[in-house]
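The structure under discussion appears below in the form of structure tokens.
Because the structure is a prediction, the values reported are computed rather than measured. When a ligand or atom number is given, it counts from 1 through the structure's own listing order.
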Amino acid sequence: ALFLGYRGMKRREKLRLSGADVMEAANAEATREDGSLKLLELIGRGRYGAVFRGSLNGQRVAVKVFSSANRKNFLSERSMNCLLQQHHNIARFLTAEEKMSTDGHEESLIVMEFYPHGCLSEYLSLHTVDWLTCCRMTHDVTKGLSFLHTELHRGEQYKPAVAHRDLTSRNVLVRADLSCVLAGFGASVELTSTKPRHPEDDDSMAVREVGTVPYISPEVLGRGLNSALKRVDIYALGLLYWESFRRCSDLFPGETVPLYQLAFQKELGNHRRSEDMQVLVLRDRCRPEFPEAWKRNSLAVWSLKETMEDCWEQDSEERLTAQCAEQRLAGLKLLSPHTQLDNHRSLCHSWRSSQAG
Ligand code: ADP
Ligand code: MG
Ligand code: MG
């Protein structure tokens, strides 16, 4: 509730929302609530911090603690959280504070809603899911990403397009009702506005599309670097789909559902080094293998595989946009996983034409 006040702000004011403004608000809150924030149990370790189950005024919350070495990621996660609130598929941020820890180090805290099932990869390693549930969960992730990637102007309100840059099944959290939210914005960046910006707005983290004619490179002249960063997220989305649907019981009729695996776990084992990834993914163009059971001709499986492949295309320009992936998932939800493909050529055609472009 602390940051609701920013929603009505003018675009420029909002963009210039500095760390100091946010901290002022956060400190006011922290002082008032001093002593009421308790850390109870370590529930996860991310790349930039440790996550605890805690309580704030008796409400169950999750608290992410960043060490001073990761302060930059704290700042970016906090400002992203402020920009991105108000979407059902984005993790809910409650407050942030900076303080001295008991051993005299500076610590930064982000307090957010507690998601009882933890991250998506945790959930999927413990549970299998039926077709509709799996479609809903992955659709939620896609809706969150599509919101992230979209620049929005709603009257006085403004939300820049944002690239997540660390989309994984560990950065998706699962609510009690199995709906999903995107989290882990420590590496995210704001992308340049397509509308002309005021020069004073230049203190944001946006990746600028700059250059001097005729020195501007073809990729910037083309879709631009902003779009390249979005397509990096889409590749990861394809892998996340694979991990999720491999745990879908309806896609393994009459057999045991395979155990949860991270993408490329089979190929690389648990020691995943980027040199090996380079050989596997870049040179050999390898992608996660589809299970035997998916060779059967169900329309749902066929469309699903096509969607994954369209996300993890080698040529990034060929990848789906998040909006397009969102439509695909909405379409998949309507299919029965058992409908045979041969009987539904026309359905197939209509799927293709409805998804064209
Ligand atoms: P990092 O950005 O440092 O990688 P994350 O935000 O991804 O950190 O959090 C690390 C892990 O902690 C997650 O994968 C998840 O298991 C757990 N976690 C994070 N936030 C929450 C939350 N709000 N509720 C429940 N578990 C969480
Ligand atoms: Mg993480
Ligand atoms: Mg993260």
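Glu255 and Arg296 are joined by a salt bridge, as a carboxylate oxygen and a charged side-chain nitrogen come within less than 4.0 angstrom of each other.
A salt bridge (Lys or Arg N to Asp or Glu O under 4.0 Å) with Lys64 is found for exactly one of Glu77, Glu107, Glu97, namely Glu77.
Distances below 4.0 Å separate heavy atoms of Cys119 from the following atoms of ligand 1: 14 (O), 15 (C), 16 (O). Which parts of ligand 1 touch Ala62 is read off a 4.0 Å heavy-atom cut-off, strictly below it: atoms 22 (C), 23 (N), 24 (N). Taking every heavy atom of Ile43 and a limit of under 4.0 angstrom, the matching atoms of ligand 1 come to 25 (C), 26 (N). The contact set between ligand 1 and Asn171, taken as ligand atoms under 4.0 Å from a residue heavy atom, comprises 4 (O), 5 (P), 7 (O). Close approach of ligand 1 to Lys64 (heavy-atom distance below 4.0 Å) involves ligand atoms 1 (P), 2 (O), 3 (O), 5 (P), 6 (O), 8 (O). With ligand atoms numbered from 1 in the order given, ligand 1 contributes 22 (C), 23 (N) to contacts under 4.0 Å with heavy atoms of Glu113.
Residues Phe245 and Trp131 place their aromatic rings such that the two centres sit under 6.0 Å apart.
Listed by chain and number, the hydrophobic cluster partners of Met112 are Tyr115, Leu173, Val181, where partners are ILVMFWY side chains within reach of under 4.5 Å, directly or through others.
Across the listed options Arg92, Glu77, Glu122, Glu122 owns the non-hydrogen atom lying nearest to atom 16 (O) of ligand 1. By heavy-atom distance, the residue among Val65, Leu173, Val61 lying nearest atom 20 (N) of ligand 1 is Leu173.
Atom CD of Glu292 is surrounded by 12 or fewer heavy atoms from other residues, nucleotides or ligands within 6.0 Å.
Considering both main-chain and side-chain atoms, Arg45 never comes within under 3.5 Å of ligand 1 through any nitrogen or oxygen pair.
Separation of atoms CE (Met137) and CG (Leu329) is listed at 12.5 Å; rounding is to 0.5 Å.
Listed by chain and number, the residues in a side-chain hydrogen bond (donor to acceptor under 3.5 Å, both in side chains) with Glu309 amount to none (sequence neighbours excluded).
At least one heavy atom of Gly49 sits under 4.0 Å from some atom of ligand 1.
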